[in-house]
Enquirer: 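My questions will all concern the structure given below.
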Amino acid sequence: MPETAIPYRFEPTATSGQLRADFDSIDDGTETGKTVTIAGRLMLRRVQGKLAFGTLQDSAGRIQLFAPGKVTPDFADFCELSLGDWIGVTGEVMKTRKGELSVKVEQWTVLAKAQRPFPDKFHGLSDAEIRYRQRYMDLWVTPESREVFVLRSKIVSLIRRWLEDRDFMEVETPIFHPIPGGAAARPFATHHNALDQEFFLRIAPELYLKRLTAGGFERVFELGRVFRNEGISTRHNPEFTMLELYQAYADYTDIMTLVEELIAYLATEIHGSTTITYDGKEMDLSSPWRRASMVDLIEEKIGVSVSLETEMDDLRKTCRDHGVEVKDSYGPGKLILELYEKTVEGDLWNPVFVTDYPKEVSPLSRDHRELPGFTERFEAVVAGRELANAFSELIDPDEQRARFEDQAKQKEEGDDEAMVVDEDYLRAMEYGLPPTGGLGIGIDRLIMLLADVQTIRDVVLFPTLRPEQF
RNA sequence: GCCCCUGUGGCGCAGUCCGGUUAGCGCAGUGGACUUUUAAUCCAUUGGUCCUGGGUUCGAAUCCCAGCGGGGGCACCA
């Protein structure tokens with residue numbers, strides 16, 4: 001078919017979903033007298049001499065095409081269409097004798113030819129590599145795949161609305177950071193030619209959002225991509241989506257309330273219940289969620305009481321006894337964190353706010369108001385995975401400088417994920433940062449949870465893969 | 001980075017363990033039959049560097065080694 005025969009625009013008047021909603025109840029073998037125009041891909045075709053059936057798939061699903069040779073113009077050409085061709089069809093809505101809702105093909109036009117053969121019409125694609133590399137085909141032949149991304153879009157939209165209803169303002173902060181900060185991770189580096197300046201793709205928007213809190217935006221959030229130059233796994237993609245928000249005058253307990261209410265709201269909107277199934281097991285997302293301190297969870301799990309006062313040798317021994325690798329550079333706080341992560345975290349199923357992280361491993365969190373050496377920080381752990389990280393933000397610039405310098409020291413000692421001093425951020429703090437509660441949620445993992453999906457690649461449209469060789 | 005699994009026409013699979021003619025099957029494609037099908041059916045038929053490169057052997061899709069792609073796990077990701 002010459003390209004010139006393809007129309008430049010086309011105007012469908014209905015989708016398969018609308019037709020099913022409007023006409024599903026009509027009797028078998030009847031015609032409605034209603035003429036509609038639909039468009040999509042021809043996915044199945046059953047030609048039987050002077051009568052042909054087709055299955056058209058559009059964004060809402062599938063609908064049958066009914067094409068009698070006496071009615072359908074250029075009937076022979078219609079029968080020659082390839083599976084996968086995009087077509088537009090106009091005709092009467094009807095139901096066949098066997099009860100299949102159909103559109104009678106009274107006019108039709110090709111909107112795009114499929115020059116490549118489509119995957120097996122029944123088995124679809126089973127090769128994960130093709131599904132990820134050629135998502136444009138996966139979306140046609142793997143219905144669950146399409147559904148997950150529709151759900152993702154809906155969840156993100158619900159989050160925005162929920163936050164806006166609570167007077168949070170969405171902002172956009174730089175992705176090019178001269179100093180990577182706000183998290184402990186290795187960054188991607190890039191270069192701006194005109195400025196002859198090295199930049200890093202952001203590993204977190206945190207420090208810019210807190211600058212905005214200092215700037216007087218009391219409730220801000222950013223929903224955007226962050227980039228971490230780390231390994232790839234079923235839970236890690238080098239670029240992923242993060243929600244961060246900052247609320248002036250709030251502390252970490254306010255943020256806990258916000259998180260549990262938001263997640264319960266999303267579950268209810270999506271599944272109609274706060275009880276969901278993940279990986280074949282039930283999970284209760286109703287608020288309030290359990291709150292437990294890291295050291296209490298460790299004691300509960302392994303029966304050993306640890307604290308920052310515990311002798312280092314005893315802490316190291318406890319770690320080794322539980323198969324936790326330790327390095328000489330680790331202080332007591334890092335040892336406790338390691339112990340928690342290796343022995344407790346993976347077994348937490350229902351949501352838990354794990355609270356009170358050691359200061360040593362929390363360079364941006366405010367000192368705990370009662371527990372020396374700890375911070376007012378929590379992670380929300382669901383299905384054994386970190387879903388959110390939050391704290392009462394550190395607001396004392398002198399303390400922040402000391403923490404940065406401690407980080408810089410760790411970097412010198414070889415920790416290439418340690419932070420570096422950000423003088424401008426310190427300057428913003430010196431002008432005054434009010435008490436603030438901050439939160440980061442990994443959106444991809446949240447989608448995985450709500451969509452009951454086990455790998456992050458199934459919630460990212462184009463997951464990072466090694467480039468294909470052609 | 002380490003370990004395990006995996007790679008067969010466009011797609012879905014068998015054959016590999018235990019080496020043995022021209023590597024099979026289904027879908028798609030091509031030619032034919034068919035006016036109520038539903039993964040339509042029936043007849044015929046085209047299409048393959050068995051991921052790549054070495055090696056063992058009279059003989060390799062099959063065994064061995066290396067590499068490449070993919071998947072999973074570990075490590076990393078506070």
Side-chain angles (χ1 to χ4, degrees), chain A residues 28-29 43-55 62-72 75 79-80 82-84 94-102 104 114-134 137-138 140-142 183-186 203-204 226 228-238 240 294 323 325 330-331 333-342 345 354 357-365 375 377 379 385-386 389 391 407 410 415-419 440 442 445 454-457 463 465-469:
Chain A
D28 296 356
M43 298 302 280
L44 297 172
R45 189 190 45 190
R46 300 176 286 281
V47 178
Q48 0 193 83
K50 299 192 176 66
L51 175 66
F53 297 89
T55 299
R62 292 182 168 194
I63 187 85
Q64 178 165 270
L65 303 177
F66 179 82
K70 283 182 183 163
V71 173
T72 300
F75 180 72
C79 294
E80 293 288 299
S82 299
L83 297 187
M94 52 164 284
K95 224 173 210 184
T96 60
R97 286 179 218 158
K98 293 278 172 64
E100 187 72 30
L101 188 65
S102 307
K104 196 190 287 182
Q115 295 180 15
R116 292 172 181 269
F118 253 52
D120 187 288
K121 66 188 179 186
F122 185 64
H123 297 97
L125 286 171
S126 70
D127 184 334
E129 182 176 358
I130 302 178
R131 291 190 45 231
Y132 299 144
R133 289 197 195 277
Q134 303 183 36
M137 290 316 302
D138 180 48
W140 282 102
V141 301
T142 315
R186 281 176 294 193
I203 56 175
V226 298
R228 297 186 182 179
N229 206 338
E230 311 278 2
I232 295 177
S233 78
T234 51
R235 287 170 289 279
H236 300 269
N237 198 59
F240 62 100
M294 182 178 293
E325 267 185 57
Y330 290 179
K334 176 72 171 166
L335 288 172
I336 288 173
L337 178 69
E338 287 289 313
L339 200 53
Y340 155 76
E341 288 189 337
K342 298 299 188 308
E345 190 175 78
V354 180
Y357 278 60
K359 192 165 158 175
E360 180 187 337
V361 294
S362 311
L364 302 169
S365 321
T375 59
R377 171 181 171 190
E379 285 192 2
R385 296 171 193 166
E386 172 196 338
N389 181 23
F391 25 92
Q407 287 283 312
Q410 289 180 29
D415 181 353
D416 53 7
E417 285 165 359
M419 297 178 189
R445 291 184 185 177
Q454 320 307 325
T455 168
I456 197 168
R457 292 188 185 89
L465 299 176
R466 209 171 242 107
E468 199 172 356
Q469 300 296 316

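So that the names make sense, note that chain A is the first sequence line, chain B the second, and so on, each numbered from 1.
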Enquirer: Which nucleotide, in any strand shown, forms a Watson-Crick or G-U wobble pair with B/rC17, with both distances under 3.5 Å?
Expert: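 By the stated definition (distances under 3.5 Å), nothing pairs with B/rC17.
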
Enquirer: Output the rounded distance in Å from CD (A/Gln134) to P (B/rG69).
Expert: 18 Å

Enquirer: Output a table of nitrogen or oxygen pairs between the protein and nucleotides 70-75 of chain B separated by less than 3.5 Å.
Expert:
from: B/rG70; atom 1: OP1; to: A/Arg133; atom 2: NH2; distance (Å): 3.1
from: B/rG70; atom 1: OP1; to: A/Arg466; atom 2: N; distance (Å): 3.1
from: B/rG70; atom 1: OP2; to: A/Arg466; atom 2: NH1; distance (Å): 3.3
from: B/rG70; atom 1: O4'; to: A/Glu129; atom 2: OE1; distance (Å): 3.1
from: B/rG71; atom 1: OP1; to: A/Arg457; atom 2: NE; distance (Å): 3.2
from: B/rG72; atom 1: OP2; to: A/Arg457; atom 2: NH1; distance (Å): 2.7

Enquirer: Is there any protein nitrogen or oxygen under 3.5 Å from a nitrogen or oxygen in nucleotides 27-30 of chain B, and what are the pairs?
Expert:
from: B/rC27; atom 1: O3'; to: A/Lys121; atom 2: NZ; distance (Å): 3.3
from: B/rA28; atom 1: OP1; to: A/Lys121; atom 2: NZ; distance (Å): 2.6
from: B/rG29; atom 1: OP1; to: A/Arg45; atom 2: NH2; distance (Å): 2.9

Enquirer: Please name the pair of heavy atoms, one in A/Ala185 and one in A/Ile203, separated by the smallest distance, quoted to 0.1 Å.
Expert: O-CD1, 3.7 Å

Enquirer: Donor-acceptor pair, distance only, cut-off 3.5 Å: does the side chain of A/Arg45 make one with the backbone of A/Cys79?
Expert: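 Confirmed, A/Arg45 side chain pairs with A/Cys79 backbone.
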
Enquirer: Keeping the roles fixed (side chain from A/Glu345, backbone from A/Tyr340), state whether a donor-acceptor pair exists under 3.5 Å.
Expert: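 Absent.
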
Enquirer: If B/rC63 has a Watson-Crick or G-U wobble mate with both distances under 3.5 Å, name it; if not, just say none.
Expert: B/rG55

Enquirer: Which value, in whole Å, describes the distance between the P atoms of nucleotides B/rA66 and B/rU6?
Expert: 16 Å

Enquirer: Please report the distance, rounded to the nearest Å, between CZ in A/Phe53 and P in B/rU36.
Expert: 7 Å

Enquirer: Taking the P atom in each of B/rC51 and B/rA39, what is the distance between them to the nearest angstrom?
Expert: 33 Å

Enquirer: Answer yes or no: is there a donor N or O on one side and an acceptor on the other, between the side chain of A/Thr375 and the main chain of A/Tyr357, under 3.5 Å?
Expert: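 Yes: the side chain of A/Thr375 pairs with the backbone of A/Tyr357.
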
Enquirer: Hey, does the side chain of A/Gln410 reach the backbone of A/Ala418 with a donor-acceptor pair shorter than 3.5 angstrom?
Expert: no

Enquirer: Please pick, from B/rG12, B/rU36, B/rC34, the nucleotide with the shortest atom-to-atom distance to any side-chain atom of A/Val47.
Expert: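 Minimum distance to the A/Val47 side chain belongs to B/rC34.
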
Enquirer: According to the Watson-Crick and G-U wobble definitions, with both distances under 3.5 Å, which nucleotide is paired to B/rU45?
Expert: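 Paired with B/rU45, as far as the under-3.5 Å criterion goes, is B/rG29.
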
Enquirer: Tell me whether the count of non-hydrogen atoms from other residues, nucleotides or ligands lying under 6.0 Å of CD in A/Glu468 goes above 12.
Expert: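 For A/Glu468, atom CD is crowded (more than 12 foreign heavy atoms under 6.0 Å).
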
Enquirer: Could you measure between the two P atoms, the one in B/rA78 and the one in B/rG15, and give it in whole Å?
Expert: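 Pairwise P distance, B/rA78 against B/rG15, rounds to 44 Å.
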
Enquirer: Kindly determine whether A/Arg46 and A/Gln64 satisfy side chain to side chain contact (heavy atoms under 4.5 Å, CB included), including the steps that lead there.
Expert: CA-CA 11 Å; A/Arg46 300 176 286 281; A/Gln64 178 165 270; 2.8 Å; yes

Enquirer: Scan A/Gly124 against the nucleic acid and name what it touches under 4.0 Å (heavy atoms): base, sugar-phosphate only, or nothing.
Expert: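 The answer is sugar-phosphate, as A/Gly124 gets under 4.0 Å only of primed atoms, P, OP1 or OP2.
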
Enquirer: To the nearest Å, give me how far apart CZ (A/Phe391) and C1' (B/rA78) are.
Expert: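 Spelled out: CZ on A/Phe391 to C1' on B/rA78 is 11 Å.
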
Enquirer: Judged by atom type as modelled, is there a donor-acceptor pair below 3.5 Å linking the side chain of A/Thr455 to the main-chain atoms of A/Arg457?
Expert: yes

Enquirer: Closest approach to the side chain of A/Arg377, judged atom by atom: which nucleotide of B/rC76, B/rA78, B/rU35 is it?
Expert: B/rA78

Enquirer: Quick one: A/Phe240 CZ to B/rC76 P, roughly how many Å, whole number?
Expert: 17 Å

Enquirer: Any side-chain to backbone donor/acceptor pair from A/Ser233 onto A/Arg235? Under 3.5 Å, distance only.
Expert: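 Present.
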
Enquirer: Measure OH/A/Tyr330 against C1'/B/rA78 and give the value in whole Å, please.
Expert: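 Value for this atom pair: 9 Å.
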
Enquirer: Main chain of A/Leu125, side chain of A/Arg131: is a donor-acceptor contact present, judged purely on distance under 3.5 Å?
Expert: no

Enquirer: Between atom CG in A/Leu337 and atom P in B/rC76, what is the gap in whole Å?
Expert: 12 Å

Enquirer: Is A/Glu386 touching bases, backbone alone, or none of the nucleic acid, heavy atoms closer than 4.0 Å?
Expert: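 No contact.
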
Enquirer: What's the CG-C1' distance between A/Leu44 and B/rU41, to the nearest Å?
Expert: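 Result: 15 Å.
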
Enquirer: Whom does B/rC74 pair with, Watson-Crick or G-U wobble, provided both distances fall under 3.5 Å?
Expert: B/rG1

Enquirer: Is A/Ser126 touching bases, backbone alone, or none of the nucleic acid, heavy atoms closer than 4.0 Å?
Expert: sugar-phosphate

Enquirer: Please work out if A/Gln64 contacts a base, only the sugar-phosphate, or nothing of the nucleic acid, heavy-atom cut-off 4.0 Å.
Expert: base

Enquirer: Using the C1' atoms only, state how far B/rG10 lies from B/rC17, rounded to an integer number of Å.
Expert: 30 Å

Enquirer: Rounding to an integer number of angstrom, what distance separates B/rA75 and B/rC2 when you compare their C1' atoms?
Expert: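 Nearest-Å result for B/rA75 against B/rC2 at atom C1': 8 Å.
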
Enquirer: How far does the P atom of B/rA61 sit from the matching atom of B/rU21, given to the nearest Å?
Expert: 10 Å

Enquirer: Rounding to an integer number of angstrom, what distance separates B/rG54 and B/rC13 when you compare their C1' atoms?
Expert: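 Looking at atom C1' only, B/rG54 and B/rC13 are 30 Å apart.
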
Enquirer: Could you tell me the separation between the CD1 atom of A/Ile63 and the P atom of B/rU38, rounded to a whole number of Å?
Expert: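 In whole Å, B/rU38 P lies 17 Å from A/Ile63 CD1.
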
Enquirer: What interatomic distance, in whole Å, is found between P of B/rU38 and the corresponding atom of B/rA28?
Expert: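 Here B/rA28 and B/rU38 have their P atoms 14 Å from each other.
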
Enquirer: For A/Val361, does its backbone N or O pair with a side-chain atom of A/Arg377 as donor and acceptor, under 3.5 Å?
Expert: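 Yes, the answer is positive, given that a donor and an acceptor are paired below the 3.5 Å cut-off.
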
Enquirer: Relative to the 5' end of RNA chain B, which residue comes earlier, A/Ser102 or A/Ile130, by the nucleotide with the nearest heavy atom?
Expert: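 First, find each residue's nearest nucleotide; the 5'-ward one identifies A/Ile130.
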
Enquirer: So what's B/rA23 paired with, Watson-Crick or G-U wobble, going by both distances under 3.5 Å?
Expert: none

